[in-house]
Amino acid sequence: MPELQGEAGAALTPEEPPATAPKERSRPSGRLLALLVVVAVCCYTLDQVTKALASAKLDPMRPKHVIGSLLQLHLTNNPGAAFSIATNATWVLTIIASVVILATIFIARRLRSKPWACALGLLIGGALGNLTDRFVRPPGGGRGHVVDFLELPHWPIFNVADCCVVTAACLIALLAFLGIGIDGRRAADRTGSGTPTAGGDSE
């Protein structure tokens with residue numbers, strides 16, 4: 001009987017490491033968090049700088065052609081969301097943007113994937129860029145109008161922050177389609193050995 005217990009105990013030993021592995025992977029990667037911050041800061045800075053230049057240099061009544069009629073610089077002040085959506089719900093949009101930023105920061109604690117770090121950085125940078133306009137541009141107090149200045153044919157005028165948010169949404173959709181989670185593992189790996197895929201952190 002003691003020998004059987006020993007064999008049973010030995011059989012249980014190899015199963016213990018996988019039980020602790022998910023806890024180790026739940027801890028965020030410092031490098032990936034740094035990548036997220038860098039992407040977010042770059043997006044936010046580019047958005048705010050281009051908005052400042054557009055406000056200072058462009059005349060709302062005289063759009064400038066950059067690439068013929070394909071791309072124009074046309075300054076507008078948008079009280080709505082991206083692409084002039086929900087222009088009469090400015091406060092609601094401000095609250096939604098704040099919730100998105102906070103939720104994204106909370107989700108980032110499980111970050112173990114470079115593509116996800118870029119996607120979340122784009123999302124935070126873009127959302128924060130337009131949220132800043134809500135508070136610092138007239139009429140202010142969370143109801144400020146967002147500066148838009150990029151115009152394509154048959155498309156609402158937009159800005160760099162909108163581009164970042166849309167790019168983030170497309171990247172997140174692609175990662176979801178490929179089955180790559182924020183922890184860098186595919187869906188099948190979560191029920192298997194838990195080995196990281198190419199989408200995970202290379203540390």
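Numbering starts at 1 and runs along the sequence shown. If you're wondering where the values come from, they're calculated on a predicted model, not measured in any experiment.
Taking the ring axis of Phe135 as reference, the NZ or CZ atom of Arg137 does not stay both within 45° of it and closer than 6.0 Å to the ring centre.
Partners of Thr132 under the side chain to side chain contact (heavy atoms under 4.5 Å, CB included) rule, at least two apart in sequence or in another chain, are Tyr44, Gln48, Leu128, Val136. In this structure Pro138 satisfies the side chain to side chain contact (heavy atoms under 4.5 Å, CB included) test with no other residue, sequence neighbours excluded. Taking Ala119 as the reference, Leu171, Ile172 meet the side chain to side chain contact (heavy atoms under 4.5 Å, CB included) condition, with sequence neighbours excluded.
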>> Checking Asn159 against Phe149 for the side-chain contact (heavy atoms from CB on, under 4.5 Å) test, could you report, in this order, the C-alpha distance in whole Å, the side-chain angles of both residues, the deciding distance, and whether it holds?
In response: CA-CA 6 Å; Asn159 56 42; Phe149 59 92; 4.1 Å; yes
> Could you go step by step and tell me if Leu111 and Leu36 meet the side-chain contact (heavy atoms from CB on, under 4.5 Å) rule?
Replying inline: CA-CA 9 Å; Leu111 186 62; Leu36 182 155; 4.0 Å; yes
>> Walk me through whether Asp183 and Ser113 qualify under side-chain contact (heavy atoms from CB on, under 4.5 Å).
In response: CA-CA 6 Å; Asp183 59 358; Ser113 165; over 6 Å; no
>> Evaluate Leu120 against Ile182 for side-chain contact (heavy atoms from CB on, under 4.5 Å), listing each step before the verdict.
In response: CA-CA 10 Å; Leu120 297 183; Ile182 195 171; 3.7 Å; yes
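In this structure, Val39 and Gly121 approach most closely via the heavy-atom pair CG1-C, 3.7 Å. Smallest separation of non-hydrogen atoms from Pro115 and Leu175: CB-CD2, 3.7 Å. Between Ala161 and Asn130, the shortest heavy-atom contact is CB-OD1, 3.5 Å. Between Cys164 and Gly126 the shortest heavy-atom distance is CB-CA, 4.0 Å.
Thr45 places no side-chain N or O within 3.5 Å of a backbone atom of Cys42 that could act as its donor or acceptor partner.
A donor atom on one side chain and an acceptor atom on the other are not found under 3.5 Å apart for Asp133 and Asn77.
Each of Val99 and Phe106 belongs to its own hydrophobic cluster when Ile, Leu, Val, Met, Phe, Trp and Tyr are linked at side-chain heavy-atom distances under 4.5 angstrom. Transitive grouping of hydrophobic side chains (ILVMFWY, heavy atoms separated by less than 4.5 Å) brings Leu152 and Leu150 into a common cluster. Residues Val165 and Leu102 fall into different hydrophobic clusters, defined by Ile, Leu, Val, Met, Phe, Trp and Tyr side chains chained together at heavy-atom separations under 4.5 Å.
Taking CG of Asp162 as the start and OG1 of Thr167 as the end, the distance is 10.5 Å to the nearest 0.5 Å. Rounding to the nearest 0.5 angstrom, the gap separating the CG atom in Asn78 from the NE2 atom in His145 is 8.5 Å. Distance check: Arg109 CZ to Leu33 CG gives 12.0 Å after rounding to the nearest 0.5 Å. If you take CD on Glu151 and CD on Gln72, they are separated by 5.0 Å, rounding to the nearest 0.5 Å. In this structure, the separation between CG on Leu174 and CD1 on Ile180 is 7.5 Å, given to the nearest 0.5 Å. Note that CD1 of Ile124 and OG1 of Thr104 are 5.0 Å apart. Values are rounded to the nearest 0.5 Å.
In this structure, Val49 belongs to a hydrophobic cluster whose other members, linked by side-chain heavy atoms under 4.5 Å apart, are Leu53.
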Please tabulate, for side-chain N and O atoms in residues 55-71, each donor-acceptor pair with protein atoms closer than 3.5 Å (sequence neighbours left out).
| unit_1 | atom_1 | unit_2 | atom_2 | d |
| --- | --- | --- | --- | --- |
| Ser55 | OG | Lys51 | O | 2.9 |
| Asp59 | OD1 | Met61 | N | 3.0 |
| His65 | ND1 | Gly68 | O | 2.8 |

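Sorted by first and then second residue, the salt bridge (charged side-chain N to carboxylate O under 4.0 Å, His left out) pairs with a member in residues 118-127 form an empty list; sequence neighbours excluded.
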